[in-house]
Structure formats: structure tokens, C-alpha cells
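See structure below.
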Protein chains: 2
Amino acid sequence: MAQAPIDKAARLIDVAERANVSRATAARVLGGYGLVTEVTRQRVMAAANELNYRVNELARSMRSGRTLTIGVVVADIANSFFNSAIRAIIETASRAGYQILVLNTDDDIERERNAVRVLIEKRVDGLIVVPSSPDEIDHLLVESEPEVPVVLLDRDVNSSKIDFVTTDDFEAAHTAILQFASVGHNRIGLLVATANVETHSSTMPAQVVTTVRNRVCGAEMALTECGLEIRSEWIRYSQSNMDIAREAAINILSQETRPTAILATNEEMALAVVSAAGDLGLTIGVDLSIIGFDDVPWARVFNPPLSVIRRPVAQLGAMAVEFLLKKIEDPTVRRSQKLPAELVARRSVGPPP
Amino acid sequence: MAQAPIDKAARLIDVAERANVSRATAARVLGGYGLVTEVTRQRVMAAANELNYRVNELARSMRSGRTLTIGVVVADIANSFFNSAIRAIIETASRAGYQILVLNTDDDIERERNAVRVLIEKRVDGLIVVPSSPDEIDHLLVESEPEVPVVLLDRDVNSSKIDFVTTDDFEAAHTAILQFASVGHNRIGLLVATANVETHSSTMPAQVVTTVRNRVCGAEMALTECGLEIRSEWIRYSQSNMDIAREAAINILSQETRPTAILATNEEMALAVVSAAGDLGLTIGVDLSIIGFDDVPWARVFNPPLSVIRRPVAQLGAMAVEFLLKKIEDPTVRRSQKLPAELVARRSVGPPP
DNA sequence: CTGAAAGCGCTTACAG
DNA sequence: CTGAAAGCGCTTACAG
């Protein structure tokens, strides 16, 4: 029999009174801790059901000091890499009884600071952050801000004080370039997704995120090892926006001597290169070889199927949560991990024309 | 000068004592309400800064009865439509000072019930839900569960008691079929993404979500209007999984008389049809015409570019938040909206072979 | 303009 | 096994 909806939500004390026990006893039954006889347990449960009792987690958190909530601060939740990671975060956390509060920064350091502050005020038990800068990290260091554990996701910072879960981006880019070189390419370009650049440029912006820096370093190292040229006209740093990136790609491909292969460092960059190639009448895998980052669903359906670097995205997200939960239990625990990526060879890489 | 990190987080009373005022006065300054002289205001602010004071939102919420948090219950956060919607939700909410707690259901009604319960226990101020069933909605009705306002996103339910923000899916599918018919197609297939089906089938499962039902009805209405056959062999309901959907698509396309055009009702279905066409050696836009749902980034880069139904996804998300905020202020407010979608004609539709 | 007191709804020792 | 009391950190009337 449903209560009239006008009634206020039942509180612990209402349940206790109806069951003729004290609040402490009712709390023990409902919270599932401490000792109670089976009879009183039943009585309390019955009362709770009749009143449609819902515990007030706010009050519980206030007393217990834990909110069972994790804050996630991410650059762009609509980006395919991050949203797959967040899916894994939500699943892993929920299995441990934690919920997720997600904030978006668009890689703006002010929004990131603000997000961290808000989450601390909401008393999250821990924080997973995709840092937008490798240097501006005061808000993440326990000395000045978080009394809560933090694990970095996808990107590292210039401090050994914060734990992280990242991919080996250096190695990934290195592998991709070697793949190009192994089939004979010697003019290789790079289209690099970068946050803090207005449109696109051929020089690396300052304060670039570690992911970007490591990929570029890995690529350049491989080029050097193969004795290949590193031509700045073949490198563009672009905002992660398809229209701007396509401009950048057309730019690269319109040089007198243009690269015969391009490494594109995320979904948008890969799409931009494909699109630019189309505009210029270049056939992918024949006139132009491409390797992209992240094994997005369309990659294997494209014609030709796109070779990509596959990052272990679900694992990255799950691991970030696991590390964080460990730190929540014991704040002195330190644990970081750099996971390997894998080259998925498909048909967008062929010998140079 | 930073405090030693061993110190406990400062509380309101610490600030008040350091500023030589009462807690009430400190609260007035920090909370930005009530009256205080400029001098005391400054004194309190200074004390708060020196102690690096962060308000405890838990305590504030408990007293004020508002958490400034909205719960979002969604089928799959990694799906491109939902994650774009969530991005808009996060942005719109954060502009109003609200944060978002996201839970994932994978269209499982038990997980949905559980999600709603958890969010109510966490005392969210409102709920945005993508319902996984049009009928099992007790947990969403104020009579039995939420004392919190609810707005449905993307899908409606069989009850006029819950507000919603949806797309006009009937009209969208209707338009797509007319487009096929207008260039001469008379054998038209449907690949329909559906949650509660194990693999794929040619009959509509029971309790299908309104989005699915409306699209199928719209398509069938258009077929009827054009005097075209509705052949059940040309219709498959499939789980939203590329491998299963591709099987279904191959199934449709392997009939003796196969359709010359297919409407695919989400990103995965579209990809599946493209992939199946590739396997069967059919050229898209020539041997087989395709219209997909949702203008995902790869659609216009494909060769040929894919014609799609574009839903106003950012607007859907933003509007859901706006409606919800209105209901939070005044629970008696009722407001729902069905937004139009738009056909983006590209080159995946040509005359039948 | 400022303060003393009560209270939001729980859980946590402490007694018995 | 159960209960009375204190307290988590705020805000809200109510006085003055």
C-alpha cells in the first residue's frame, strides 16, 4: 500500500519509531553492521519497507567521512578516447560501490582548477584527472590543495609526486614510424592534436601535454634512427577540430615535395588526413599512407581499413580507478603504470608511390 | 605561506575564531548572503585564505536541502549520441552551478532502478533519465519513488506523467524513406538498433523503446504512402553491436531479391551496413543506398560521404537540463519537447541499380 | 550588523 | 544484543 505522496520522505527515526527500536538499532539493521537479533532485524526491515525508507547518504557521508564518490576531471567527454575511458571508470567504480562526478575542462587550466575545487568541496573520496598542463599542477599537489588522493589519467606531469596511468606514447609513435620506414617511406609527416594552440602551427607550443610531447619525441627518434629527415614543413600541431586539422593536413600535403606517409595522433587528425587526401585526389594506401591513433569503430570499416595505434583504453580507465581505490584505503600507497599500445596493421599503409 | 599538510582541513569555526567573529557571521561572508560590514568581510576572507578554507558542501547541502547535483542515468555513455548529449548536459548544468553524477545502465532495467535509487539516496536535486523500457517506470513516478523532479532524455514512456525531451523520430524515419523513394527505390530495408534482443531478429521485440518504435512506424508509414512493400525479410532488429549488426546486414543483403536501400538507425548500424556492403562487393550509392542516424564525424569523410538524419543532440541535452532546473525551482512545472531532426543529404543515396 | 542556539539525518563510541 | 548521547559542519530563524 503506497503512502500518499504528500508525506515527507521517511527518516531513520521514523523507521525506528515504527519498529519500536532506537535509532542506533535501526541504523545497525539498515546499514548492515553491528549485531541485532533476527526478530528485530525483520521488524526494522518491515518498517523501512512500509515507509519506503531511503537512507540519506548526505548525512551518512557527513558522519562517516566518506562519500563513495569519485571526481573525474577530463578534457573532453565527447572525445572517443575519453568517453571509452569514462565508461570503464564508471563500470569499475560502480562495482566497488562508488559513483562518478564528471566535469569537463576543454583543456582550460582555469576550468581545471575550478573543477578540482568544486569536487573537493563536494568531498569526493578521490580524484581522477586528465591534466591540461604538465607544469601548472599546484591544485593537484597535496601541499596546496587536495587532501584527497589523485590519479592522473592518460597524461603525466612534471612532478613525481602524483600517480598516473598512461600509455607508452613514445614507443607507440616510434613503432608507427618504423612501420612506415619498413615499407620504404622516407618522407614522413606528423599531424599532432594539441590543446593550447589557436589554429595550427609547425612549431611545438610551449607547455605541451606529455602525451603530445612523447609521441613527437618517439616519432623523431625513429626518424633519426632510420636516417630520415625531420622536416618542419611536414609537421603540424593542430587544435583537435576537424576543419582546422584538415586545413593543416592540406597544408602539409601541398608542399612541392610532400610526405608519402602521415602519422595522425587522434581520431580527428586521422579523419582530417583522410578528408584532405580525398580533396587532393590522393588514394590512401597508394598515394598516401596513414596511421592513426585509437582504434575507433569506423577505422576497420573505412576503405581502405585504417591502420591504427590501439591504446588499452578500457584498461587505462579501470586501472586508474583501482589505483585510486587503493590510495583511498591507504593514502601512503604510491602506484603508477605506463601501459603498452599496439599497432593494428590494416591497409592504409602501403609502399610509397 | 602554506600550512603544513598535516593540519586537518579548516572548518567554518576555525575561520570564525581566527577572524574573531561568530560562525554565523563567517558563514554569511563565505556564503555570500545576509549583511556584513566591509571590515568584517575582509577579516573573514583573510582568515579563510590563510587557512585555505574550503566549504564542506555536504554539510551545506544537509542544512540547505540542495546538493547542486543532477543525476544522469544513461544507456551507454560511450555511444556517440549519448556522449554528445552528456557533454551538453555537463556544460549547461555547470553554467548554472550544478554538477553531474553519471550512471550507466546498458539498457538493463534492474541497473536503471538501482541507479535511480542510488541517486535519490545521494539526494540529487533532479534526474535526467534515458529510460530503458517504456512500461517499467514505477521507479520514475513520484507516487512510488522519486521525490525529485525527472526529465526523460531521447526516449518517451507510456505515461503522460513524466516530462521528456525527444526527437521526432517518426518524422525523421518517414523523411528518410521518402528520400529513398524519391530517387526510385522500391525495395527498402531497415536495420534497427534495439536493446532487448539477444542477437538479431526480424520481428519487433516486445517493450521496445519509443525511439525504436517511432522510427519503425515512421518508416512503415512512408512505405505505405508510397505504395511500397514492407517485407519482413528486409527488416532486422539488432543489438547495438557492430559484429552482430553486420551479420544482420549480410542477412538482409543475401536474399534472392535484396533491398536496394537501407535505413540504419544508429552509428553502429550504419557502420555495419557499410561493412556488409564491402564484404558483398556492393558499391555504396550505386549498388546500395544508405541513410544513417546521427551525424557522426566520420560520416562526411567516408567515401562516398554518408547521408544521415541529424538529431539536435546538443540542444536535446541542454534543454533537458533547462527543463529540469525549472522543475527544481517549481516542482509543479510541466514541460516536454519533441525536436525536429534534419536529413543531411550526401552521396550514399543514388538511384537504384 | 552580529551572535547564541537549534537542527539537517545519520553513525559512533560508550554503557548497560 | 540494545539504547542514550554526542557530534559531523554547516545554515536558519530568532534576538538583540
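A note on names: the letters A, B, ... follow the listed sequences, proteins ahead of strands, and every chain is numbered from 1.
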Return whichever of B:Ala26 or A:Asn56 has its heavy-atom-nearest nucleotide of DNA chain C closer to the 5' end.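 Closer to the 5' end of DNA chain C: B:Ala26.
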With nearest nucleotides of DNA chain C determined for B:Ala24 and B:Leu35 from heavy-atom distances, which residue corresponds to the more 5′ nucleotide?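 The residue closer to the strand's 5' end, by nearest nucleotide, is B:Leu35.
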Which one is paired to C:dA13, where only Watson-Crick or G-U wobble pairs with both distances under 3.5 angstrom count?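 Answer to the pairing question: none, since C:dA13 forms no Watson-Crick or G-U pair.
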With a 3.5 Å limit on both atom pairs, tell me what C:dA4 is paired to, counting Watson-Crick and G-U wobble, or say none. none
Quick one: is [X] getting a side-chain N or O under 4.0 Å of the [N] phosphate, OP1 or OP2?
X: B:Ser22; N: C:dG3; value: yes
X: A:Arg63; N: C:dT12; value: no
X: B:Thr37; N: C:dT2; value: yes
X: B:Ser61; N: D:dC10; value: no
X: A:Ser64; N: C:dC10; value: no
X: A:Tyr53; N: C:dG9; value: no

Could you give the [atom1]-to-[atom2] distance, from [X] to [N], as a whole number of Å?
X: B:Arg28; N: C:dA4; atom1: CZ; atom2: C1'; result: 11 Å
X: B:Asp14; N: D:dC10; atom1: CG; atom2: P; result: 9 Å
X: B:Arg123; N: C:dG9; atom1: CZ; atom2: C1'; result: 9 Å
X: A:Leu12; N: D:dG3; atom1: CG; atom2: C1'; result: 13 Å
X: A:Met62; N: C:dT11; atom1: CE; atom2: P; result: 13 Å
X: A:Arg23; N: C:dT11; atom1: CZ; atom2: P; result: 10 Å
X: B:Ile13; N: C:dA5; atom1: CD1; atom2: P; result: 13 Å
X: A:Arg11; N: C:dT11; atom1: CZ; atom2: P; result: 14 Å

Quick check: closest heavy atoms across A:Ile86 and B:Ile77, and the distance to 0.1 Å?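 Minimum heavy-atom contact is CG2-CD1, 3.5 Å.
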Heavy-atom donor-acceptor pair, B:Arg54 side-chain to D:dG9 base, under 3.5 Å: no
Ionic contact status for A:Arg335 with A:Glu322, cut-off 4.0 Å: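 Salt bridge between A:Glu322 and A:Arg335, a charged N being under 4.0 Å from a carboxylate O: no.
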Taking the nucleotide of DNA chain D with the nearest heavy atom to each, does B:Arg60 or A:Arg41 sit closer to the 5' end?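 The 5'-side residue here is A:Arg41.
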Looking at B:Glu329, I want to see if its CD is surrounded by more than 12 non-hydrogen atoms of other residues, nucleotides or ligands under 6.0 Å. no
Scan side-chain atoms only and decide if A:Asn114 and A:Arg117 contain a donor-acceptor pair under the 3.5 Å cut-off. yes
Would you check if there is a donor-acceptor pair between the side chains of B:Asp135 and B:Ser133 at a distance under 3.5 Å? no
